[in-house]
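Whatever order the structure lists them in is the order used to number ligands and atoms, beginning at 1. Quick caveat, the model's predicted, so the values are computed rather than measured.
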Amino acid sequence: MAMTKVKKPHAALLASPGMGHLIPVLELGKRMVTHHDFLVTVFVVASDPASTSLLNSPTPNDDLGIVALPSVDISGLVDPKAPLVAKLLVLMRESLPSLRSSIAAMKCRPTALVVDLFGTDAFAIANEFGMLRYVFDTTTAWFLAVALHSSSIGKNVIWEEHVKSQKPLKVPGCKSLRFEDTLESFLNIDRFDGSQFLGTEMTKTDGILINTWEDLESTTVKALRDNNFLGRVVKVPIYPVGPLIRKDRKQVLDKEVKIWLDKQPTESVIYVSFGSGGTLSAKQIIELAWGLEQSRQRFIWVVRPPSENALGTYFTIGKNDGDGMPDYLPEGFFTRTKDIGLVIPMWAPQAQILSHPSVGGFLSHCGWNSTLESILNGVPMIAWPLYAEQKMNAALLTEEFGIAVRPKLSQTDEIVERDEIATMVKMIMVDNEEGHAMRTRVKELNSSAEKALSKGGSSYNSLSQIAKDCLQRLQA
Ligand code: UDP
């Protein structure tokens with residue numbers, strides 16, 4: 001009997017600008033190809049040199065293709081001072097014509113379109129070509145719940161009940177959002193538009209994928225699936241598919257960093273980094289330098305020139321990487337810390353550093369990718385959020401997961417002072433009860449993450465279900 005060859009489903013994935021978006025979308029693509037027999041084409045709207053360099057990174061096999069969409073000039077379309085979200089949305093919108101023509105030209109037309117939170121405008125293309133439509137939330141289930149809830153209650157309620165009164169925002173079945181941890185875009189109420197992250201399109205898709213796993217955020221995932229959540233505004237299947245992080249074994253540590261790390265005792269080094277876009281003020285950099293020095297703990301610190309804008313390198317990271325040694329650190333810092341510290345300007349191979357056995361702590365801006373990389377390497381954290389949903393992540397890490405400490409800001413000028421930094425560093429690096437409990441807990445979460453991703457685990461099953469839906473569509 002002649003066997004009919006079953007065709008593979010083909011998914012098109014669209015990644016918005018920034019390493020924090022591109023990395024999880026690429027990892028999702030790799031996982032779909034290697035574990036669920038998909039063909040995947042990742043379309044990338046890259047606007048920073050670091051993302052562009054990632055486009056040439058190795059793929060698992062020919063079933064994963066990466067296409068960089070032509071860059072677009074948005075300088076005449078958006079105020080340079082506009083919030084990051086507004087710029088991202090315009091960049092995505094202006095890239096749609098080239099996405100459409102690329103898809104139209106494909107011989108093997110994709111069965112599904114998966115976009116991240118800034119790409120929902122592309123669903124018009126999916127509709128035109130009869131594709132299934134999925135959204136990929138590259139952060140937490142809690143962020144998704146807050147965003148959906150705020151979209152549904154609207155600007156006036158957010159203003160009255162949250163911003164003006166500064167009371168916590170209650171989200172059905174989920175952790176409430178404290179005013180202090182609220183995203184900047186909520187506070188800027190004149191511009192607030194509940195649909196700015198997700199669009200109303202979000203609730204009309206074939207599924208929402210989240211870079212989390214069921215056991216990590218079980219209460220929130222349950223709430224999102226509950227029939228009563230927001231009076232059932234969310235009618236779509238919820239698919240936790242994570243944690244998806246970069247495990248690029250081929251990317252090796254710089255020789256200097258490897259030699260240095262190899263010489264340090266197990267779990268004795270704290271890694272300090274503020275993600276791909278994060279920068280600190282000049283005053284804060286000085287305090288951080290003194291705090292690290294005072295703690296007398298070993299450290300690797302990825303430093304960037306000072307900026308009053310916390311998002312200082314979002315669109316430029318990767319440019320001038322590795323420029324000479326910084327001159328904005330306190331005088332004599334290098335000499336005094338030469339036996340305990342390594343300073344890396346601009347950019348470091350973070351995933352490799354965190355997986356080195358000598359690393360035992362992470363002072364982080366709490367970007368979700370960094371958080372997942374820390375959990376998957378069993379490393380407790382100091383939660384130092386800067387912008388976007390990072391304060392929400394910090395609240396989860398400290399209050400729900402119990403794997404991080406959060407420094408207090410000084411009341412006078414909202415910076416973290418050197419004594420506080422030294423105390424926090426010692427709390428997670430020096431053997432004490434609190435640090436020990438966090439280390440044990442983060443290792444438990446690491447095991448539960450691996451279970452979710454393994455065959456038959458909750459995240460594995462989520463992607464299997466999507467594969468099934470796509471096959472069905474293909475055969476229809
Ligand atoms: N990253 C890196 N080297 C750096 C800074 C960042 O490799 O010096 C990577 C990091 O490992 C993570 C991503 O860039 O995978 C940053 O994503 P995250 O969500 O943590 O923060 P964002 O940059 O989006 O604020």
Side-chain angles (χ1 to χ4, degrees), residues 15-28 30 46-54 57 84-85 87-88 116-118 136-140 143 183-184 210-212 242-248 250-254 257 271-280 299-305 307 309-323 326 342-356 359 362-377 379 381-394 396-397 404:
S16 55
M19 291 293 272
H21 304 134
L22 178 55
I23 289 173
V25 171
L26 277 178
E27 292 309 314
L28 174 67
K30 287 183 197 164
S47 58
D48 58 284
S51 300
T52 310
S53 70
L54 213 65
S57 59
L84 175 67
V85 171
K87 288 183 188 154
L88 290 177
D116 66 30
L117 293 182
F118 299 104
F136 180 29
D137 164 19
T138 54
T139 68
T140 61
F143 173 78
L183 295 87
E184 309 89 68
I210 319 173
N211 198 4
T212 191
L244 300 171
I245 65 158
R246 194 150 48 126
K247 277 193 175 161
D248 187 357
K250 287 197 184 119
Q251 196 189 333
V252 284
L253 277 174
D254 290 347
V257 181
Y271 171 67
V272 182
S273 169
F274 295 90
S276 53
T279 41
L280 302 177
F299 65 85
I300 291 187
W301 181 9
V302 185
V303 292
R304 309 237 166 93
S307 164
N309 173 6
L311 265 161
T313 56
Y314 197 88
F315 287 113
T316 54
I317 194 66
K319 228 182 238 174
N320 303 327
D321 288 359
D323 264 4
L342 192 64
V343 168
I344 304 180
M346 299 307 286
W347 186 260
Q350 176 168 306
Q352 279 71 25
I353 291 178
L354 285 172
S355 66
H356 193 285
V359 174
F362 183 10
L363 190 164
S364 169
H365 74 313
C366 304
W368 191 238
N369 294 293
S370 296
T371 300
L372 294 178
E373 286 160 14
S374 208
I375 293 177
L376 287 189
N377 286 296
V379 173
M381 298 164 78
I382 297 177
W384 185 318
L386 296 178
Y387 56 87
E389 88 299 352
Q390 293 156 12
K391 289 183 193 158
M392 294 177 64
N393 297 344
L396 281 183
L397 290 169

Tell me which part of [X] gets within contact of ligand 1: side chain, backbone, both or neither, using heavy atoms under 4.0 Å.
X: Trp347; result: both
X: His21; result: neither
X: Asn369; result: both
X: Tyr387; result: side chain

Starting at CG of Asp116, measure out to CG of Asn211 and round the result to the nearest 0.5 Å.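 Atom-to-atom, Asp116:CG and Asn211:CG are 11.5 Å apart.
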Which ligand 1 atoms are under 4.0 Å away from a heavy-atom of [X]?
X: Trp368; value: 19 (O)
X: Gly367; value: 18 (P), 19 (O), 20 (O), 21 (O)
X: Gly275; value: 5 (C), 6 (C), 23 (O)
X: Ile23; value: 13 (C), 14 (O), 15 (O)
X: Gln390; value: 25 (O)

Indicate yes or no: at least one non-hydrogen side-chain atom of [X] is less than 4.5 angstrom from one of [Y].
X: Thr138; Y: Leu117; value: no
X: Leu363; Y: Trp384; value: yes
X: Val359; Y: Asn377; value: no
X: Leu396; Y: Thr140; value: yes
X: Ile382; Y: Ser364; value: no
X: Met392; Y: Phe143; value: yes

Check the orientation of Tyr271 and Phe362. Use parallel for under 30°, tilted for 30 to 60°, and perpendicular for over 60°.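 Aromatic pair Tyr271/Phe362 classed tilted.
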For atom 22 (P) of ligand 1, which candidate among Met19, His365, Glu373 provides the closest heavy atom?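 Heavy atom nearest to atom 22 (P) of ligand 1 belongs to His365.
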Check this for me - ligand 1, Gln350, N or O atoms closer than 3.5 angstrom, yes or no?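 Among all N and O atoms of Gln350, at least one is under 3.5 Å from an N or O of ligand 1.
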Give yes if a backbone or side-chain nitrogen or oxygen of Ser276 is under 3.5 Å from a nitrogen or oxygen of ligand 1, and no if not.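 Ser276 vs ligand 1: N/O contact under 3.5 Å present.
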What residues, two or more places apart in sequence or in another chain, satisfy side chain to side chain contact (heavy atoms under 4.5 Å, CB included) together with Thr212?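 Thr212: side chain to side chain contact (heavy atoms under 4.5 Å, CB included) contacts with Ala141, Ile210, Leu216, Glu217, Pro240, Trp368.
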Ala348: heavy atom below 4.0 Å from ligand 1, yes or no?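 The answer is yes: ligand 1 sits under 4.0 Å from a heavy atom of Ala348.
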